[in-house]
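On a predicted model such as this, the values are computed, not experimentally measured, just so you know.
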Amino acid sequence: MSSFDLYKTADEHEELRSVVRALADAKIAPFAAQVDEDARFPQEAYDALIGAELQAIHVPEAYGGAGADALASAIVVEEVARACASSSLIPGVNKLASLPVIHSGSEDLKKEFLPGLASGQTLWSYALSETDAGSDAGAMKTTAVANGDSWTLNGSKKWITNAGESHIYTVLAVTDKEKGARGGITAFIVKKDDPGVSFGVPEKKLGIKGSPTREVYLDNVVISDSRRIGEVGSGFGIAMSTLDHSRIAIAAQAVGIAQGALDFAAGYIKERKQFGKAIAEFQGIQFMVADMSMKLEAARQLTYAAAARSERNDADLTFFGAASKCFASDVAMEITTDAVQLLGGYGYSRDYPVERMMRDAKITQIYEGTNQVQRIVMSRHTLASR
């Protein structure tokens with residue numbers, strides 16, 4: 001059990017932040033550039049997070065976890081992302097993939113799979129998207145056919161974070177084509193070593209290169225009905241509810257990336273001299289920094305407000321989950337671009353980290369629902385509530 005079992009006060013959350021930041025600075029940041037350059041899984045970060053029991057602090061205490069609240073989980077993702085966005089997807093996706101089990105799984109399923117996640121023995125991935133089912137998740141074609149007390153899964157999943165590295169996959173599949181998304185999709189647990197599971201080659205990506213993204217192929221994968229998550233046909237609702245909660249981790253990741261870029265740029269402009277003085281003394285530069293800081297803090301506060309609603313499962317969580325992800329990711333893209341600008345030519349060079357942060361920030365506007373989709377979600381919620 002982690003020494004940070006409970007996070008109930010602001011002081012305890014800030015103590016957690018200090019611990020994660022120190023760990024990230026010492027054991028994650030030194031490898032971030034090389035992880036990006038080599039496009040390899042950040043094993044050093046994974047080992048460090050497991051060593052500090054921070055890879056999945058959201059797992060309830062009953063299953064060996066710390067039982068940390070949603071804000072604590074967001075702080076972990078934020079502080080790791082400040083050092084390395086790829087590495088922040090370890091705790092972030094561990095939570096995304098396991099929330100369906102935590103919220104909807106049977107007690108036996110929780111007891112079988114959650115302790116391994118809490119101890120660091122297993123890494124998890126979430127397999128929802130397909131080639132023709134991204135924003136339109138209900139258009140998935142992967143199937144699960146019942147055969148007595150087992151299911152046979154066939155199909156492929158696209159854009160799966162940490163695929164090939166993860167041991168456990170939360171997979172959504174069609175169990176009744178006639179019912180469609182509302183009643184025709186079911187969630188399952190699939191293991192990496194299940195016969196018939198294989199993976200595509202890693203995608204060559206603009207950013208988050210240290211987090212492998214692959215297709216997951218399911219070829220006559222037979223699993224027990226005990227690995228079904230929730231009721232038959234409840235999968236689409238489980239998936240959408242999960243995203244309401246997990247989009248907050250993307251917001252936290254975006255905040256962390258933006259904070260890392262602002263921190264580096266602020267240090268640089270205080271040292272860089274032109275026309276006989278530090279460029280931080282020029283008013284135009286100061287205005288840029290002021291806007292960056294203001295927008296970053298607004299994004300952070302919206303993210304934390306969403307985390308509080310996630311913890312309480314408030315009725316307006318859908319709006320706040322979408323709003324925090326959308327706003328924070330747009331802010332991260334703007335701040336990292338401005339950080340590159342502040343460094344001038346050096347900002348465009350791989351010798352400095354801000355160009356990596358700018359590339360990493362872009363995906364936060366795209367995955368777990370594009371920001372265009374988030375705006376649809378927010379507008380529908382606003383109009384319905386009025």
Side-chain angles (χ1 to χ4, degrees), residues 16-52 54-56 73-94 120 123 161-166 202-213 249-268 271 292 296 328-329 331-333 335-340 342-343 346-367:
L16 172 66
R17 184 190 303 281
S18 297
V19 169
V20 182
R21 180 168 293 194
L23 178 80
D25 286 346
K27 297 186 177 181
I28 297 176
F31 302 98
Q34 200 60 50
V35 161
D36 176 77
E37 188 69 26
D38 297 342
R40 65 171 177 83
F41 182 72
Q43 189 63 48
E44 298 89 351
Y46 188 35
D47 292 342
L49 288 167
I50 291 173
L54 292 169
Q55 80 286 348
S73 295
I75 288 171
V76 170
V77 171
E78 176 188 343
E79 289 300 327
V80 175
R82 177 178 170 271
C84 175
S86 294
S87 299
S88 71
L89 286 166
I90 293 170
V93 178
N94 270 341
L123 182 69
T161 301
N162 291 335
E165 296 291 337
S166 290
E203 300 286 348
K204 296 179 180 179
K205 307 191 300 278
L206 172 71
I208 58 166
K209 293 182 178 181
S211 178
T213 304
I250 305 304
Q253 181 189 40
V255 168
I257 294 169
Q259 186 68 66
L262 178 57
D263 288 349
F264 191 89
Y268 177 87
E271 298 295 328
M292 293 162 77
L296 175 56
S329 59
V331 164
M333 195 71 247
I335 288 174
T336 54
T337 302
D338 284 347
V340 169
L342 287 172
L343 266 69
Y346 288 119
Y348 209 66
S349 167
R350 290 192 179 183
D351 292 335
Y352 293 83
V354 291
E355 64 86 27
R356 165 171 54 85
M357 293 169 176
M358 183 179 75
R359 289 186 286 106
D360 289 342
K362 184 60 194 175
I363 192 60
T364 64
Q365 295 180 303
I366 298 172
Y367 58 14

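- Between the CD1 atom in I363 and the CD1 atom in I366 there is a gap of 4.5 Å [rounded to 0.5 Å].
- A pairwise comparison of heavy atoms in A261 and T336 identifies CB-CG2, 3.8 Å as the closest pair.
- Closest of all the heavy-atom pairs between Q253 and A81 is O-CB, 3.5 Å.
- To the nearest 0.5 Å, atoms CD1 (I75) and CG (L54) are separated by 11.5 Å.
- Remark: the backbone N or O of A56 is not paired with any side-chain donor or acceptor of N94 at under 3.5 angstrom.
- Scanning all heavy atoms of the two residues, the minimum distance from L296 to Q259 falls at CD2-OE1, 3.2 Å.
- Taking every heavy atom of both residues into account, V354 and A339 meet most closely at CG1-CB, 3.9 Å.
- Contact check on E78 versus R82 returns no salt bridge, with no Lys/Arg side-chain nitrogen under 4.0 Å from an Asp/Glu carboxylate oxygen.
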Applying side-chain contact (heavy atoms from CB on, under 4.5 Å), run through K362 and L206 and close with a yes or a no.
-> CA-CA 8 Å; K362 184 60 194 175; L206 172 71; 4.2 Å; yes

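- When side chains are defined from C-beta on, F41 counts as touching I90, because their heavy atoms get closer than 4.5 Å.
- At distances below 3.5 Å, not a single donor-acceptor pair connects side-chain atoms of S166 with backbone N or O atoms of A163.
- Within the 4.5 Å cutoff, side-chain heavy atoms of P212 are placed close to those of E165.
- The residues R350 and E37 are annotated as salt-bridged, a charged nitrogen and a carboxylate oxygen being separated by less than 4.0 angstrom.
- G120 and Y46 make their closest contact through O-OH, 3.5 Å (heavy atoms, listed as atom of the first residue, atom of the second, distance).
- Side-chain atoms of D360 come within 3.5 Å of backbone N or O of I208 as a donor-acceptor pair.
- Put simply, OG1 on T161 and OH on Y367 are 6.5 Å apart, with the number rounded to the nearest 0.5 Å.
- Tested against D36 for a salt bridge (Lys or Arg N to Asp or Glu O under 4.0 Å), the candidates K205, R359, R356 yield a single pass: R359.
- In this structure, CG in L49 is found 10.0 Å from NZ in K27, a value given to the nearest 0.5 Å.
- Between atom CG of residue D25 and atom CD of residue E79 there is a gap of 8.5 Å, rounded to the nearest 0.5 Å.
- The aromatic rings of F264 and Y352 lie perpendicular to each other, with more than 60° between the two planes, well past the 30° mark.
- In terms of heavy-atom proximity, P42 sits nearest to G210 at CD-O, 2.8 Å.
- The CG atom of L89 sits 8.0 Å away from the OG1 atom of T213 when rounded to the nearest 0.5 Å.
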